[in-house]
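Worksheet: the structure to be examined is printed underneath.
To find a chain, count down the sequence lines: A is the first, B the second, and so on, and within it residues start at 1.
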Amino acid sequence: MVDFSRRLLSCATLRLARPLHALLLVSGRARDAFLVTKLLNLYSRLGDLPSVVLTFRHAPVKTSITWNSMIACYVHHGFLKDALACFRCLILSPSPSARPDSFTFPVTIKACWDLEWGKRIHSLAYKLGFVCNVFVSASLVHMYSRLGFTDDARKVFDEMTIKDLGCWNAMLSGLCQNGRTAAVTELFERMMMLGLPMDKVTVTSILPVCTPLQNPLLGFCIHVYCIKHGMDSDLFVSNALIDMYAKLGHLEEAQKVFKGMVDRDLVTWNSIISGYEQTGDANSALNLFNEMQQSGIQPDRLTLVSLASAVAQRGDDRNGQSAYGFILRRGWDLHDIIVSNAIVDMYGKLSKVKLAQEVFDRMPKRDVISWNTLITGYSQNGLANEAIEIFKYMQIHEGIMPIQGTLASVLPACAHVGALQEGVKIHSYGLRIGLLSDIFVSTCLIDMYAKCGRLAEAMVLFEQVSSRFTGPWNAIIAGLGVHGHGKKAASLFSEMQEQGIKPDHVTFVSLLSACSHAGLVDHGRQCFHQMKSVYGLEPWVKHYACMVDLLGRSGQLDAAYELIMTMTLKPDSGVWGALLGACRIHGNVELGKVAASHLFEIDAENMGYYVLLSNMYAKAGKWDGITEVRSLARHKQLQKTPGWSSVEVNKKVNVFFTGNHSHPQHEEIQKELRTLLAKIKSIGYVPDFSFVLQDVEEDEKENILSSHSERLAIAYGIISTLPKTPIQIYKNLRVCGDCHNATKFISKITEREIIMRDSNRFHHFKDGKCSCRDYW
DNA sequence: ATAGGGTTAG
């Protein structure tokens, strides 16, 4: 006599299961409902769904347990519809030995994928008197929560007369997963008050709430509780602990838990990798990824998401390259929106906008985050107009409603090109849907208004937002700075200090450049020292660039050069460019040459430095120097960054490239330019040809100057707006010195205010004067 | 022989 019962239980592979099945049939024991159900469960355990179904169909006798096992098998393999259909058959079955019981309901409730089914099964369970079973009601609580109906879940929970820990856990986790943190805290406190213990499931449910509550202390208490009750070695508990510590910024603690673990699973690795990635330590994240692969654990989509972000952070670093290669080799599932979004984001951060767009286009489904990511990709790579166009397209053609992140990605683009009218539209949209209370959105709005020339509006917004955050302060200080209001910026900084708001690196970039624009040398120096001595902030290269600019402009060229020499960081083109600019203003040819040689090494392709150098020689009257620069430039066959300017007319941003004739009103613009040129010459404008690098005749040089993008934009602004309307121009590079001079004259003869923002600052032209000091 | 509640993401 074969002991089928035991052999079915211990059978580990399909190859052993099949002959056992045959033996069962031959021996005539296949009529035994007990054994058939065991066989069915065996096939289910081994993942052979067709065999499960066959066994079930051919079972001569089906008990409740047989049915329950069949339903459970369907649910386990994700065939929810079949599970419910099977349940329906059970209800309709005439057999008195096959009735739904208290075991049937938990598993059937698990199969409900929408509220309608959930309610139906719920009322049936109620009618048949099963809701008083704790397993059934816990399942109901979980089901309602899973579908997002926490109130219904709560109702079931509150109506239960006897609750075991499982019910509490179901309710807690339901609230957690729906982000109802306040309700979680309340329920948790009640649980503690009643003196109920916590088990592993309680702990793993409650730990993720510490993050939105920003409460590391609670997390720590729970950790201690786990150690005390011997749960800290549990895999789920450890994973939740790692995640909690990492997200609250206590990476050392997360690392400790990670190191102390005996066995780790995919979630463990994902949590620790994502923890390092999120805190900006991409190197550690990538190293851990390698370790993970060595330990033989296969990465999944979540790993890929962290990996993509880490690669984006590392840029083109070699360490990043290998992970990048991994992502490409492995490919990713286009149907997975989150992974695809992460890849779009990665390409955007690596400045590969075209690839980002390609991945985006190939996605079969997109959500609002996909659009946000794409807009950010364009916006952060200087393609602000494209970013704005996509933002409009998304709403008009795809009917996507912008959310907080969308506004935070498109507003910087508006700020960048001076798209004030679009920005105002977004402002009113934000007001309508109640996003103005969001600190990120309001910071972006302050920045947008300031950069679009509306300091007053920026100021009003700044005064409305909560002053507890650093962002709005940084934005307004930077805004005041680019408008040349250095003293006001400095006094706001003092106010910030008085209110106990801790400045960050960005604050000091804003502040130092504000000092530089306003010529507040001593104050700038003080701030630079304060940065480290008071706030412990190590200066970035950017801060050095500001300082070099500050010192250089005021004529302290040697001090500026000395500062560069003391740098431990490698000076970039910003630093040397600031020095070269200062040398040009003060006619220091020797130091200028030094700066230029560094610039040609770092950023040889940039035409701007050759112009600056040539202009420096012109100012010092060294004409052979100019010849040298010209031949150098020709020799290198420079690909210059195309200069462009934009002006917003009738809610449309018009972009003009230098020397481009493609605008529909090109003829009228040219005519206007000729008229303007004649007029300004008559009141004393003399073209400065040292801004033209090409070696051509004087006539041609004049043409080149008049076809500079800023002039095209001004002329277009004049012919397409009413007389005396202020004109606002944005230029992507720094305004050409000759154009700057010409604009002064144009503002006089047209009696217009002309506001020009270039890559560096604002220039307010009025009555033949400009607000800025010592330009060119 | 069958049952509920748990951790990681753009």
Side-chain angles (χ1 to χ4, degrees), chain A residues 4-5 8-9 32-42 44-45 63-73 75-76 101-110 130 133-143 145-146 153 157 163-174 176-177 198-208 211 231 234-244 246-247 265-275 277-278 300-309 312 336-346 366-370 372-373 376 405:
Chain A
F4 280 110
S5 181
L8 283 167
L9 203 66
D32 186 339
F34 177 87
L35 288 180
V36 169
T37 310
K38 250 191 156 174
L39 181 68
L40 195 146
N41 284 319
L42 171 65
S44 176
R45 203 173 69 224
T63 63
S64 298
I65 300 175
T66 324
W67 285 93
N68 293 345
S69 299
M70 190 61 237
I71 299 171
C73 174
V75 173
H76 186 244
D101 58 13
S102 65
F103 283 77
T104 317
F105 279 94
V107 70
T108 309
I109 290 164
K110 227 178 169 178
F130 288 117
N133 178 300
V134 281
F135 287 90
V136 175
S137 38
S139 305
L140 284 168
V141 169
H142 179 249
M143 182 268 297
S145 303
R146 176 166 49 86
F157 180 76
K163 301 179 179 90
D164 71 347
L165 193 52
C167 301
W168 283 89
N169 290 341
M171 194 62 238
L172 272 177
S173 70
C176 292
Q177 280 157 9
M198 292 194 282
D199 69 355
K200 295 170 190 170
V201 181
T202 325
V203 166
T204 25
S205 303
I206 200 87
L207 277 174
T211 312
M231 299 189 282
D234 180 76
L235 185 62
F236 272 67
V237 170
S238 307
N239 289 348
L241 280 170
I242 289 178
D243 186 62
M244 181 272 298
K247 285 218 186 90
D265 70 352
L266 185 58
V267 179
T268 321
W269 288 98
N270 284 350
S271 302
I272 192 88
I273 289 175
S274 143
E277 181 270 309
Q278 301 268 319
D300 71 345
R301 37 209 274 283
L302 269 67
T303 327
L304 225 57
V305 169
S306 298
L307 205 56
S309 306
D336 191 317
I337 295 192
I338 294 177
V339 174
S340 306
N341 288 350
I343 304 287
V344 171
D345 185 54
M346 177 189 74
R366 307 171 189 108
D367 62 6
V368 64
I369 308 236
S370 319
N372 296 355
T373 312
T376 308

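Annotation: cation-pi pair A:Lys200/A:Phe236 absent, no NZ/CZ under 6.0 Å from the ring centroid and within 45° of its normal.
In this structure, A:Phe135 does not count as stacked on the base of B:dG4 under the 5.5 Å centre distance and 30° plane angle limits.
In this structure, A:Asp234 reaches the bases: a heavy-atom distance under 4.0 Å links it to at least one base atom across the strands shown. Across all strands, A:Asp164 comes closer than 4.0 Å to base atoms (heavy-atom distances). Residue-level contact check: A:Asp367 touches the bases, meaning some heavy atom is under 4.0 Å from a base atom. In this structure, A:Val267 reaches the bases: a heavy-atom distance under 4.0 Å links it to at least one base atom across the strands shown. Within the nucleic acid shown, A:Lys247 comes within 4.0 Å of sugar-phosphate atoms alone, with no base atom in reach, counting heavy atoms only. Within the nucleic acid shown, A:Leu207 has no heavy atom closer than 4.0 Å to any nucleic acid atom.
A:Asp345 places its CG atom 12 Å from the C1' atom of B:dA9, with the value rounded to the nearest Å. In this entry the distance linking CD of A:Gln177 with P of B:dA9 reads 12 Å, nearest Å. In this structure, CG of A:Leu266 is placed 16 Å from C1' of B:dG6, rounded to the nearest angstrom. Summarising the geometry, the separation between CG on A:Leu165 and C1' on B:dA3 is reported as 17 Å, rounded to the nearest angstrom. One interatomic measurement links the two molecules: CG of A:Asp199 to P of B:dG4, which rounds to 15 Å at whole-angstrom precision. The distance from atom CG of A:Leu172 to atom P of B:dG4 is 19 Å, rounded to the nearest whole Å. Atoms CG (A:Leu39) and P (B:dA1) sit 15 Å apart, rounded to a whole Å. Straight-line distance from the CG atom of A:Asn68 to the C1' atom of B:dT2: 5 Å, rounded to whole Å.
Side-chain contact between A:Ser306 and A:Leu302 is absent, with no heavy-atom pair separated by less than 4.5 Å. At a threshold of 4.5 Å between non-hydrogen side-chain atoms, the residues A:Val203 and A:Leu207 count as touching.
Note on A:Lys110: a side-chain N or O is less than 4.0 Å away from OP1 or OP2 of B:dG4. Close to B:dT2, at under 4.0 Å from its OP1 or OP2, lies no side-chain N or O of A:Lys38. Contact check, A:Thr37 against B:dT2: no side-chain N or O comes under 4.0 Å of OP1 or OP2.
Among B:dG4, B:dG6, B:dT2, the nucleotide with an atom closest to any side-chain atom of A:Phe103 is B:dT2. In the set B:dG6, B:dA9, B:dT7, B:dA9 carries the atom at the smallest distance from any side-chain atom of A:Leu302. Listed nucleotides B:dA9, B:dG6, B:dT7 differ in distance to A:Val237; the shortest reach to its side chain belongs to B:dG6. Considering only the side chain of A:Lys200, B:dG6 comes nearest among B:dT8, B:dT2, B:dG6.
Considering all non-hydrogen atoms of both residues, A:Phe34 and A:Ser5 come closest at CE2-OG, 3.8 Å.
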Candidate pair A:Met244 and A:Leu241, rule side-chain contact (heavy atoms from CB on, under 4.5 Å), full reasoning: CA-CA 5 Å; A:Met244 181 272 298; A:Leu241 280 170; 4.0 Å; yes
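Inspection of the A:Thr63 and A:Thr66 side chains reveals an N or O donor paired with an N or O acceptor under 3.5 Å.
In the interface, the side chain of A:Thr204 is paired with the base of B:dG6 through a donor and an acceptor atom under 3.5 Å apart. The base of B:dG4 does not come close enough to the side chain of A:Asn133 for any donor and acceptor atom to sit less than 3.5 Å apart.
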